[in-house]
Amino acid sequence: MSEQQQQSADRTEGALQDLGDVTPEDKRDEKRDDEAVSQFVERFAAQLVEAGMQRMSARVFACLLASDSGVLTSAELGERLQVSPAAVSGAIRYLSQVDMVSREREPGSRRDRYRVHSDQWYEAMARRDNILTRWEGTLREGVESLGEDSPAGRRMGETLVFFEFLQTELAGLLQRWREHRDQMRAEYDDAAR
């Protein structure tokens with residue numbers, strides 16, 4: 001086993017020991033296998049890192065996602081992940097900037113809590129729509145600058161058409177998701193009654 005793999009295993013082992021420190025909001029977590037939860041957090045975080053997210057931000061996000069309440073304080077995140085407050089702070093700063101978590105004040109306290117929302121992925125995709133619009137404008141300028149008949153202009157034009165297609169499809173996909181989500185939530189509510 002390499003030194004890096006050993007350090008990762010040591011961190012995971014430490015995180016496994018501390019996942020037993022459950023907040024009152026996460027009482028349902030007590031019935032869970034702490035090792036399985038920790039392994040999920042680390043595995044999902046690794047996949048987020050492969051997709052381009054910063055490592056600590058991915059771990060914090062996965063940890064929040066894996067808690068029933070979806071809300072944890074900086075201290076709780078640090079304990080569960082076996083990391084310093086500075087590491088959590090940096091991760092939260094990034095996650096807040098990209099709207100993946102929100103900060104809220106803990107009632108009756110000066111401590112902040114961090115929340116991941118149920119509609120997180122929908123919101124992330126909706127923001128992509130705005131990014132695509134900006135890219136399309138820039139690509140149009142690129143086609144104009146390069147000349148649409150030049151090899152670079154044609155390549156740029158094809159990229160533009162791809163993003164226009166993607167944006168059209170994304171709008172329909174998001175609408176279908178909203179309808180599906182609303183139906184799913186209604187079914188959950190009916191089952192809970």
Distance (rounded to the nearest 0.5 Å) between [X] [atom1] and [Y] [atom2]:
X: Leu132; Y: Leu160; atom1: CG; atom2: CG; result: 11.0 Å
X: Ser69; Y: Glu76; atom1: OG; atom2: CD; result: 7.5 Å
X: Met184; Y: His180; atom1: CE; atom2: NE2; result: 5.5 Å

Flag the pair [X] / [Y] as yes when at least one side-chain heavy-atom distance between them is below 4.5 Å, and no otherwise.
X: Leu72; Y: Arg113; value: no
X: Arg140; Y: Met156; value: no
X: Met56; Y: Val83; value: yes
X: Val71; Y: Glu104; value: yes
X: Arg134; Y: Ile131; value: yes
X: Arg80; Y: Ser67; value: yes

Taking side-chain hydrogen bond (donor to acceptor under 3.5 Å, both in side chains) as the definition, give me every residue that meets it alongside [X], ordered by chain and number, with sequence neighbours left out.
X: Glu148; answer: none
X: Gln175; answer: Arg178, Glu179
X: Gln47; answer: none

Tell me every residue that passes side-chain contact (heavy atoms from CB on, under 4.5 Å) with [X], counting only those two or more places apart in sequence or in another chain.
X: Leu65; value: Phe44, Phe61, Val116
X: Asp112; value: Arg103, Arg105, Tyr114
X: Val161; value: Glu164
X: Ser150; value: Leu146, Ala152

Open item on the list: Tell me whether Arg59 contacts the main-chain N or O of Leu81 through its side chain, where contact means a donor paired with an acceptor under 3.5 Å.
Closed with: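 Indeed, once roles are kept as given, a pair shorter than 3.5 Å links the two residues.
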Task: Summary of ring-ring contact (aromatic ring centres under 6.0 Å, His included) pairs that have at least one residue in residues 153-172, sequence neighbours excluded - done: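 Passing the test, one end in residues 153-172: Trp135-Phe163.
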- [ ] Mind jotting down which residue pairs meet the ring-ring contact (aromatic ring centres under 6.0 Å, His included) criterion with at least one end in residues 63-86? Sequence neighbours excluded, please.
- [x]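 For residues 63-86, and leaving out neighbouring residues, there are no ring-ring contact (aromatic ring centres under 6.0 Å, His included) pairs at all.
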TODO: Answer yes if Val98 and Val49 sit in the same cluster of Ile, Leu, Val, Met, Phe, Trp and Tyr residues linked by side chain heavy atoms under 4.5 Å apart, and no otherwise.
DONE: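 Each belongs to a different hydrophobic cluster.
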Open item on the list: Applying salt bridge (Lys or Arg N to Asp or Glu O under 4.0 Å) as the test, list every pair that has at least one member in residues 151-160; sequence neighbours left out.
Closed with: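 Found none.
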TODO: List for me each residue that meets salt bridge (Lys or Arg N to Asp or Glu O under 4.0 Å) alongside Asp189, sequence neighbours excluded, and say none if there are none.
DONE: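 Expected list: none.
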Which heavy atom of [X] sits nearest a heavy atom of [Y], and at what distance?
X: Arg111; Y: Ser109; value: N-OG, 2.9 Å
X: Ala62; Y: Phe40; value: O-CE2, 4.3 Å
X: Ala45; Y: Ala58; value: O-CB, 3.5 Å

What donor-acceptor contacts under 3.5 angstrom involve side-chain atoms of residues 86-96, with partners at least two apart or in another chain?
| from | atom 1 | to | atom 2 | distance (Å) |
| --- | --- | --- | --- | --- |
| Ser96 | OG | Ile92 | O | 2.9 |

